Protein chains: 2
Amino acid sequence: MDKRVFKDQAYNELAKITKALGNPRRLEIVDLLAQGPFSVEKIAEQTSLSIANASQHLQVLKGARLVEIDKKGNFIYYRLTNDEVFKTWRALRDLGFRLNAEAEKLVNNFYRSGQKPTPIPMEDLYNGNYDKDTLILDVRPGEEYHRGHIANAISIPINELSERLGELPSDVKIIAYCRGPLCVYADEAVNLLRKNGIDARRLKEGFPDWKSQGFSVEMSN
Amino acid sequence: MDKRVFKDQAYNELAKITKALGNPRRLEIVDLLAQGPFSVEKIAEQTSLSIANASQHLQVLKGARLVEIDKKGNFIYYRLTNDEVFKTWRALRDLGFRLNAEAEKLVNNFYRSGQKPTPIPMEDLYNGNYDKDTLILDVRPGEEYHRGHIANAISIPINELSERLGELPSDVKIIAYCRGPLCVYADEAVNLLRKNGIDARRLKEGFPDWKSQGFSVEMSN
DNA sequence: CTACTATTCAATAAAGTAATTGAATAGATT
DNA sequence: AATCTATTCAATTACTTTATTGAATAGTAG
């Protein structure tokens with residue numbers, strides 16, 4: 001085995017992993033799995049894929065060892081193999097934002113165009129640069145909130161928000177967050193809240209970023 | 001534009017970048033460019049590609065904005081767009097080592113099998129956990145050393161090492177380094193030095209890792 | 001054992017990617 | 001202007017990836 005063969009094998013192995021990540025659907029699946037384990041069915045639903053197609057993509061991710069499975073009853077739950085998978089996804093995501101002005105424009109202009117306030121970096125929130133009566137609002141599905149959420153955050157899933165506006169104290173300031181910077185739930189929440197005269201902004205990042213950073217989290221009992 | 005279209009576009013943009021990285025030759029090129037700018041010819045030579053093929057891969061990397069060019073005379077020099085490209089490559093590389101036992105075995109067993117001493121993590125070297133008479137040896141090509149190297153390191157390119165053994169003080173301890181963990185120059189150097197009775201080990205990482213970590217570097221005058 | 005359900009497999013068609021070769025371009029030198 | 005050189009482009013071939021569809025599997029519940 002000469003040098004070149006050795007190098008080829010090493011880079012080939014790395015390229016396999018990178019290729020497994022190099023597909024928009026699979027990146028979306030990884031982004032979703034950063035919230036925790038999901039069944040194939042849920043993954044398919046959340047990513048608008050057919051179940052067979054989602055399963056196929058999950059096989060690819062599993063083949064690259066990026067995800068692992070747990071069987072529970074009739075269901076198979078997929079999850080990221082370890083936190084480094086999330087960190088790599090995050091590196092790619094942030095590199096993408098930095099490199100690709102198009103993607104950047106999309107993220108900044110679509111749901112957050114015009115009158116939208118700028119998102120709050122999570123470091124700012126962590127450092128307590130906000131009124132202590134500011135409410136942290138988790139708008140992800142209830143199940144994801146229960147698995148883990150930012151300490152002291154309250155949960156109102158985005159699809160319940162309009163009916164539950166009355167639960168919010170008057171004159172409250174809100175920081176809404178969801179799955180990550182690509183997740184639009186928080187943008188929708190900010191939209192809705194501001195239409196109702198509430199001072200709301202979104203967190204730039206999502207719960208997995210917060211957790212991976214080692215910031216304080218809570219789980220529901 | 002509905003939610004799904006927005007999400008698709010965002011993930012598509014990220015997948016473009018990831019796909020551009022998802023090829024063994026291009027990963028090798030990125031790894032090489034972490035040393036600094038190189039002409040197409042040099043890149044082709046270092047990666048054992050034809051010039052046309054190297055150019056093709058470079059176009060793909062440029063299309064994804066991962067590399068940029070500088071024209072000088074007849075030559076076009078390619079370089080990484082910014083340090084985040086290197087950091088993303090590093091995240092992928094380290095994830096690969098972690099996930100892929102095969103690749104891990106290759107790296108650890110081929111050039112560094114059996115009697116080889118374990119590589120030294122750069123943090124250990126930086127923290128001064130070694131005799132102060134330990135010599136840091138840069139075995140990359142002279143040009144790369146001149147562009148930048150670990151502070152106090154001396155340069156003996158790997159292909160000159162056997163003839164220049166006499167330059168080394170007797171009873172010296174050596175830590176050799178090269179381009180990165182996949183680079184075998186340092187392994188070859190350790191091999192050769194130990195055959196000549198010199199206490200030598202390799203640095204696990206390479207110069208770009210050292211520099212990106214913010215550890216002290218020097219440039220040749 | 002039967003029926004049911006979640007998931008995977010297999011086959012197909014369409015699209016994209018990689019290496020090779022030789023021609024074309026564009027900038028520098030004479 | 002003619003020549004030289006580094007690089008890119010274009011065309012080809014072989015190969016890989018993706019989405020779709022429907023069938024197969026393997027567990028669970030009745």
Side-chain angles (χ1 to χ4, degrees), chain A residues 4-5 7-9 11-30 32-33 37-64 66-79 143, chain B residues 4-5 7-9 11-30 32-33 37-79:
Chain A
R4 173 52 39 199
V5 174
K7 286 176 104 176
D8 282 355
Q9 294 199 2
Y11 290 112
N12 283 345
E13 293 296 336
L14 293 177
K16 272 186 208 163
I17 291 165
T18 314
K19 266 188 184 145
L21 286 170
N23 171 285
R25 313 283 155 228
R26 291 197 289 272
L27 286 177
E28 187 172 359
I29 289 172
V30 168
L32 178 63
L33 292 182
F38 289 92
S39 67
V40 178
E41 194 183 9
K42 268 278 183 222
I43 293 166
E45 178 195 315
Q46 291 287 324
T47 55
S48 310
L49 291 170
S50 74
I51 289 186
N53 201 180
S55 171
Q56 209 164 249
H57 283 304
L58 286 164
Q59 293 312 304
V60 175
L61 290 172
K62 199 171 75 166
L66 290 161
V67 304
E68 294 179 344
I69 62 172
D70 292 308
K71 299 189 182 185
K72 275 184 199 166
N74 246 339
F75 295 83
I76 295 180
Y77 288 87
Y78 282 83
R79 59 181 164 70
E143 194 194 341
Chain B
R4 174 50 41 198
V5 173
K7 285 178 104 177
D8 282 355
Q9 293 199 1
Y11 290 112
N12 283 344
E13 292 298 335
L14 293 175
K16 271 186 209 163
I17 291 165
T18 313
K19 266 188 186 145
L21 286 170
N23 172 283
R25 314 281 157 230
R26 291 198 289 272
L27 286 177
E28 186 171 1
I29 290 173
V30 168
L32 178 63
L33 292 183
F38 289 91
S39 67
V40 178
E41 194 183 8
K42 270 276 183 218
I43 292 165
E45 179 195 316
Q46 291 287 325
T47 54
S48 311
L49 292 170
S50 74
I51 290 186
N53 202 181
S55 171
Q56 209 164 249
H57 283 304
L58 287 163
Q59 292 314 303
V60 174
L61 290 172
K62 200 170 75 166
R65 307 180 214 214
L66 291 161
V67 304
E68 293 180 343
I69 62 173
D70 292 308
K71 300 188 181 186
K72 275 184 199 166
N74 247 338
F75 295 85
I76 295 181
Y77 288 87
Y78 281 83
R79 58 181 164 70

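Fair warning: this is a prediction, and the values are worked out from it, not measured in the lab.
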**Options D:dT28, D:dT8, D:dA19, nucleotide nearest the side-chain atoms of A:R25** = D:dA19
**Asked** Should B:N23 be listed as having a side-chain N or O under 4.0 Å from OP1 or OP2 of C:dA18?
**Response** yes
**Request:** Mark yes or no for whether A:R25, through its side chain, and A:T47, through its backbone, hold a donor-acceptor pair below 3.5 Å.
**Result:** no
**Item:** Length of the line joining A:N74:CG and D:dA29:P, which is rounded to integer Å
**Value:** 7 Å
**Message:** For D:dT17 and A:H57 - does any side-chain N or O of the residue sit under 4.0 Å from the phosphate oxygens OP1/OP2?
**Reply:** no
**Request:** Give the rounded distance in Å between these two atoms: CG of A:L27 and P of D:dT18.
**Result:** 11 Å
**Whole angstrom value for the distance that separates P of C:dG27 from CZ of B:F75** = 15 Å
**Message:** If the condition is side-chain hydrogen bond (donor to acceptor under 3.5 Å, both in side chains), which residues does A:N74 pass it with, not counting sequence neighbours?
**Reply:** none
**Prompt:** Is there a side-chain polar atom (N or O) of A:N53 under 4.0 Å from OP1 or OP2 of D:dT18?
**Reply:** no
**Request:** Nearest 0.5 Å please: distance from the CD1 atom of B:I17 over to the CG atom of B:N12.
**Result:** 11.5 Å
**Request:** Starting at atom CD of B:E45, determine the distance to atom P of D:dA6, rounded to an integer number of angstrom.
**Result:** 12 Å
**Separation of atom CD in B:Q56 from atom P in D:dT8, rounded to whole Å** = 11 Å
**Message:** With a cut-off of less than 4.0 Å, is there a side-chain N or O of A:Y78 near OP1 or OP2 of C:dT8?
**Reply:** yes
**Rounded distance in Å - NZ (B:K62) to P (D:dT8)** = 6 Å
**Message:** Given the ring of A:Y77, does A:K72 sit roughly above its face, with NZ or CZ under 6.0 Å from the centre of the six-membered ring and within 45° of the axis?
**Reply:** yes
**Message:** Quick check: do B:I51 and B:E41 have side-chain heavy atoms less than 4.5 Å from each other?
**Reply:** yes
**Prompt:** Of A:G73 and B:L58, whose closest DNA chain D nucleotide lies nearer the 5' terminus?
**Reply:** B:L58
**Complete:** Rounded to whole Å, the NZ-C1' distance (B:K19 to D:dT17) equals 8 Å
**Fill in**
Atom CD1 of B:I76 and atom P of C:dT25 are separated, to the nearest Å, by 16 Å
**Asked** When the nearest nucleotide of DNA chain C is assigned to B:S50 and to B:V60 on a heavy-atom basis, which residue is associated with the more 5' position?
**Response** B:V60
**Prompt:** Between D:dT8, C:dG27, D:dT21, which nucleotide has the shortest distance from any of its atoms to the side chain of B:A52?
**Reply:** D:dT8
